[in-house]
Amino acid sequence: MQMETTDNEQLKAAALKRLLLILSCVLLSIGTCGGPLIMRLYFIHGGKRLWLSSMLETGGWPVILVPIAIAYYHRRKNQAPTEPPTKLFFMKLPLFVASAVIGVLTGLDDYLYAYGVARLPLSTLSLIIASHLVFTALFAFILVKQKFTSYSINAVVLLTVGAAVLGLNTSSDRLKGESNAQYMLGFVMTVAAAALYGFVLPLVELMYKKAKQNITYALVLEIQMVMSLFATIFCTVGMLVNNDFKVIPREARKFELGETTYYVVLVVSAIVWQAFFLGAIGLIFCASSLLSGIVIAVLLPVTEIFAVIFYHEKFQAEKGVSLALSLWGFVSYFYGEMKHNKQSKQADAVKEKENNKEGCTPDVENLQTVPNA
């Protein structure tokens, strides 16, 4: 009876984890495709504040308090009278400090990314950001001992070449009124953003592994809240130094789509970007940082297509070659992962069969001869 209860609990936990995985993928899809489009909308129609745009990427962190409060209410409702009072927050000091440090790095990455969105066409930016998978794979190998296969190496090489192809012809890809130097600086800042986020993802996974407490999804939400809070503080300091708070009302009045739309764009941007970060950190919890990076990279061509459709951006031959190489890299990686998982399952099945066979083999040395009656 106890064994049946344990099996049911395991099945329930597995089903819940699959549900969280699907939810994380949906949130990440919304953030990866919607976040850059809304940010670009801000810049196209008169927005110029880089630190404000950076802050909005994590400024929606209070939204996370809603699921945390719901989870707390659910725990209190189902708590047995003999159990000690449940806590609103589970996070301990070491995990808080680690989350705060990663949050500051995320704030810096937000600024680098916002600079790229302001200076580059969104279709170009998406292809460059796809190179973050290279950095994610590299840092995952260093920090969490992620194993490489020939397929993953091939994907890394293809994505690197794909990003490099975009730098071959910059003259026809610049935004109106932008110099070649500004374009190249935007290009470099975007690559730096990709590299830094490629470092942050495995760093979060390492934090999960090194944490001296049980990592639950409720705790994952707390970690994301702290990371977003400190990233927002980092960007808010930049806003104060740059006098963004004084300029915002004037910029809203001059916004081409209207003052009300200006503030709607800011609020929606904050919410959509929070969906991105919740999805990314949820995928790390359910699977790995590398899978999170892959899903982001796979969705970037979709963002690029949306940019061409909605913002009428140019799609030169270089972008076509870069997109083809990126998709080739994605297919290579996914095929390699599927093949590796199939081989692992077969190896586990053979090992289990051998163990069962050994368990059934009689120990000849300990057999005793039974005397005849």
Donor-acceptor pair, side chain of [X] and main chain of [Y], under 3.5 angstrom:
X	Y	result
Gln213	Lys92	yes
Ser332	Asn154	no
Tyr311	Leu37	yes

Are side-chain heavy atoms of [X] and [Y] found at a separation under 4.5 Å?
X	Y	value
Lys48	Phe43	no
Phe276	Ile30	no
Trp51	Phe234	yes
Val204	Met227	yes
Asp109	Val200	no
Leu266	Tyr262	yes
Leu185	Met189	yes
Met225	Phe89	yes

Quick one: closest heavy-atom pair of [X] and [Y], and the distance?
X	Y	answer
Ile38	Ser269	CG2-CB, 3.7 Å
Pro36	Leu122	CB-CD1, 3.6 Å
Phe255	His45	CD1-O, 3.2 Å
Ala118	Leu50	CB-CD2, 3.7 Å

At what distance, to the nearest 0.5 angstrom, does [atom1] of [X] lie from [atom2] of [Y]?
X	Y	atom1	atom2	result
Leu257	Leu41	CG	CG	6.0 Å
Leu206	Phe139	CG	CZ	13.0 Å
Cys25	Leu283	SG	CG	4.5 Å
Leu52	Thr236	CG	OG1	9.5 Å
Thr232	Asp110	OG1	CG	8.0 Å
Ile70	Leu221	CD1	CG	10.5 Å

Using the salt bridge (Lys or Arg N to Asp or Glu O under 4.0 Å) rule, collect all pairs that involve residues 209-230, keeping only residues at least two apart or in two chains.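 Passing the test, one end in residues 209-230: Glu205-Lys209.
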According to the salt bridge (Lys or Arg N to Asp or Glu O under 4.0 Å) rule, which pairs have a member within residues 238-261, sequence neighbours left out?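 For residues 238-261: Arg49-Asp244.
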Check residues 96-108 and write down every donor-acceptor pair under 3.5 Å in which the side-chain atom is one partner and the other belongs to a residue at least two apart or another chain.
from   : atom 1 : to     : atom 2 : distance (Å)
Ser99  : OG     : Leu95  : O      : 2.8
Thr106 : OG1    : Ile102 : O      : 2.8

Would you call the rings of Trp273 and Tyr113 parallel, tilted or perpendicular, where under 30° means parallel and over 60° means perpendicular?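 Because their plane-to-plane angle is over 60°, the rings of Trp273 and Tyr113 count as perpendicular.
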Over 60° means perpendicular and under 30° means parallel, so classify the ring planes of Tyr197 and Phe277, tilted if in between.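 Rings of Phe277 and Tyr197: perpendicular, as their planes differ by over 60°.
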Is it the case that Arg119 places NZ or CZ above or below the six-membered ring of Tyr115, under 6.0 angstrom from the centre and within 45 degrees of the axis?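 That pair qualifies as a cation-pi contact.
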Any chance the side chains of Ser228 and Gln224 put a donor and an acceptor closer than 3.5 Å?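 Yes.
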